[in-house]
Engineer: 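Attaching a single structure in structure tokens format; questions to follow.
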Amino acid sequence: MTITIYAARKILTMSDARPVATHVAVKDGKILGAGTLEELQRWGEHTLDETFADKVLMPGFVEGHAHSGAGSVWDGTYLGWFDQKDPDGKVWHGLKTTDEIVARLQEAAATGEGPVVGWGLDPIYMDNVRITRQDLDRATTDRPIVITHASGHIMSMNSKALEMAGLLKQGLNHPAIPLGKDGLPMGELRGPEVMAPAGQKVGYDRKALEGSERGLKAFGRLCVRAGVTTSTDLARIYSPDKVDVMLKTTGAKDFPICLVPFRHGRDMSPADLVAFMKEVKPKSTERCQLGNIKLHADGSIQGFTARLRWPHYQNGAPNGLWYVAPEQLLEVFERALEEDLLVHIHTNGDEASELAIDTLETALKKVPRPDNRFTLQHCQMATPAQFRKAARLGMCVNLFANHHYYWGDEHYKYTVGPERAERMNACRTALDSGVPMTIHSDAPVTPIGPLFTAWAAVTRLTASGRVQGEGEKISVAEALHAITLGAAFTLKMDHLIGSIEAGKRADFAVLDEDPTEVAPEALKDVPVWGTVQGGRIFAAETI
Amino acid sequence: MTPALPVTVIGGYLGAGKTTLVNHLLRTSGLRLAVLVNEFGALPIDSDLIEAEGDALVSIAGGCVCCEYGDDLVGAVMQVMALEPKPDHILLESSGVAIPGSILASLLFVDGLRGDGVVVVADAAEIMNTAGNRYLADTIERQLADADILVLNKADLVDEAALDSVRNWLGAQVPGTRILPAVQGQVPHDALLGSVPLPRRGHRISGHAAGLFSSVVLHPSGPVDPVALATSLAEGGHGLVRAKGYVANEAGGQTLIQVVGARWTVEPAEPGHQTGVVCIGLKSGFDPGRLDGLGLVEAV
């Protein structure tokens, strides 16, 4: 293979040995070195590529908590409050009124057949207006409309959809089905136990879309636009026969990222789960890293299903739900530690984080594993003591900086109140406690975009424009570390990706501006030209 | 009109004996049971009962089936409802940390289903410890509170004093809830499910623990207000665990009454059923004589 030397306006390597360079030499998809042209020329015959001569290169961004479903959701119609870019780069303007929502749905209903699927609706920003089935009937009465809200906890339907689901009738008495004055469902379904079957009856099956070749490709395009070269797909249920499909899709020569699917443990016994992961891990390729496990300890804070320590929810709601029994968590931990497999645990509430930390401590007494890197995902409410203990046990955290921006105001006002809302997603405390940290988008819950996520952790602004938790801000340098090496570390991939150094994958985020030179408030606006992954160039404009 | 298919949720913490109870019911009830399970993948059916394992359904001796529901409970329920012949009763074994009443509630909007009740299994030797665990206390509290019938399992693993103490403790936690001590889940299926139209001649309480239970048939003297009768059976302090049967109502038709613990339902029935309500209770707490005021009490 030939050697290519890329010239750039500036290269931020994230390596202490040579933090800034002007050129990087690449061979066989890997980095020979970063430095000056003079230094790199000694590698011999090479091509000098000037494509990035006026660009700034960083290590390809690593998204430590996203779902590939962020690609397939765009098969439906975006109805959110904020502007958002689809996989083709088209900007969908945020919708501010019920009328705008109805108009966009009307347009969607005019073509195609089957259910009209919408997503990303978030009435929180519209003074919590309730979108009724009658509102949606204005868009169409012939086709069913199924809308999932941004929170993921609510679904809205028009009359046709409710009728198809068998729900347009009197006498329903169910906490998840609010009724209108006429005694019929008003159009919202509030809870997965109702949403999933109702959606299915209408012909909408979110799970069927996830993991499809088309969905994965769309996700890859979103990643290129965000500068991401490696992303988790954090809660996949897949069977052995799906592994080959995943390897084939990610193996296509134009697939632009390395995908890191975590197998969810909810439908397998711990022994079967660990045996399965042990078996598939060696099948990993440069574009698909297999063998990792994801578990859910609790639910969500705004859905009041997260497990909180005292004083619990501010409004007196009962504490949330456990999604795993402590004994089961312990068994998965012990078996995974024995096989040196990586486990990431969804813990939103501080009691859930505590259980995961305590359980790992117990497991480590039986199976010592100093470099375990078990990672608390979201970990939104963790206390300083929990961060300190997590650090000493060899754990990592992945904090939900985007959530702080999108729903921080809700937590301040409604769920936990100011004192605890200000300490949510405590990046400063995490770093000061010595626990390896990254930050995430949880796409499609919020849009994938590590520079935005970094901005959110640096500014700690909420959607209403308030700084919430001044003391938990981190610096731009720390945030850039978090979205590169920080994330790579939590995936046990920091020897492969996350910095521009000899021997690592030639993964670059190609930027039009230098994120270390713009004002911190402008970090999220730094334009992304595209990426280089494994030495392959992907321009956002043509992806 | 096809009668609604009854669903019983079997809840309780990990290791309490839910699976043992389910297997006991599969062996003894004589009903076509559809068992739905969601416990981290391990199939909780005794291997000698399994006839065939398919992709979605496991066939079990006696025309029963087992199905895992994962995160699509309603889908699984609809699948077993579509079976021919139709099951007599659905048993839903919830996960060890689930709140069983919420699970039952989530099924109530499915047409053709009837929530029969919540049976919570507690380990006599462990329940007080588990309820004292700082992570689990409120979960256990909510599980117990949801029970229509509480099966206090593994009663043989504690001495009499300890059993008394755990019974007293449970009595204080959930006053009024029927508590059935059991060994290896051996509770008469009639007391928990009893979905055979009753009474039948020669009807007998079955199961190894039968000696602990007594059973009578109540014959009201004439047409009754079914709601008033059901309420009285459920809440009248008679110590009943379960009651089921047809009565003549004041409108000239028939009504099916079902009582599980303190929960009751009434539903219109096709005419022509033999009337009478089978009432089952623990001998220690159920005095059939106290039903005298409601009609003629026939011993069985």
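Quick note on labels: first sequence line is chain A, next is B, and so on, each numbered from 1.
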Engineer: Are B:M78 and A:K201 close enough, and set up right, to give a side chain to side chain contact (heavy atoms under 4.5 Å, CB included), and what steps lead you there?
Structural biologist: CA-CA 11 Å; B:M78 309 235 254; A:K201 280 192 178 175; 3.1 Å; yes
Engineer: Give the minimum heavy-atom separation between B:T139 and A:W322, together with the two atoms involved.
Structural biologist: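 Nearest heavy atoms, B:T139 then A:W322: OG1-CD1, 3.4 Å.
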Engineer: Would you say that more than 12 heavy atoms from the other residues, nucleotides or ligands in this model lie under 6.0 Å from the NZ of B:K86, or not?
Structural biologist: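 Correct, the count exceeds 12.
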Engineer: What pair of heavy atoms forms the shortest contact from B:Y135 to A:R307, and how long is it?
Structural biologist: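 Nearest pair, atom of B:Y135 first, then A:R307: O-NH2, 3.7 Å.
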Engineer: Any chance CD of A:Q314 has more than 12 other-residue heavy atoms, nucleotides or ligands included, within less than 6.0 Å?
Structural biologist: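 Result for CD/A:Q314: enclosed.
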Engineer: What are the two closest heavy atoms between A:L321 and B:R142, and how far apart are they?
Structural biologist: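 Shortest heavy-atom contact: CD2-NH2, 3.9 Å.
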Engineer: Go through it in stages, so that I can follow the logic: the residues are A:D358 and B:R134, the test is side chain to side chain contact (heavy atoms under 4.5 Å, CB included), and I'd like the CA-CA distance, side-chain angles, deciding distance and then a yes or no.
Structural biologist: CA-CA 12 Å; A:D358 277 359; B:R134 67 189 174 106; 2.7 Å; yes
Engineer: Write down the atom of B:L14, the atom of A:A325, and the distance for their closest heavy-atom approach.
Structural biologist: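 In terms of heavy atoms, the two residues are closest at CD2-CB, 3.7 Å.
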Engineer: If you define the side chain from C-beta out and look only at heavy atoms, does anything of A:P318 sit under 4.5 Å from B:D138?
Structural biologist: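 No, every pair of side-chain atoms sits at 4.5 Å or beyond.
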Engineer: Counting only non-hydrogen atoms closer than 4.5 Å, does A:E351 touch chain B with its backbone (N, CA, C, O), its side chain (CB onward), both, or neither?
Structural biologist: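 Both the backbone and the side chain of A:E351 come within 4.5 Å of chain B.
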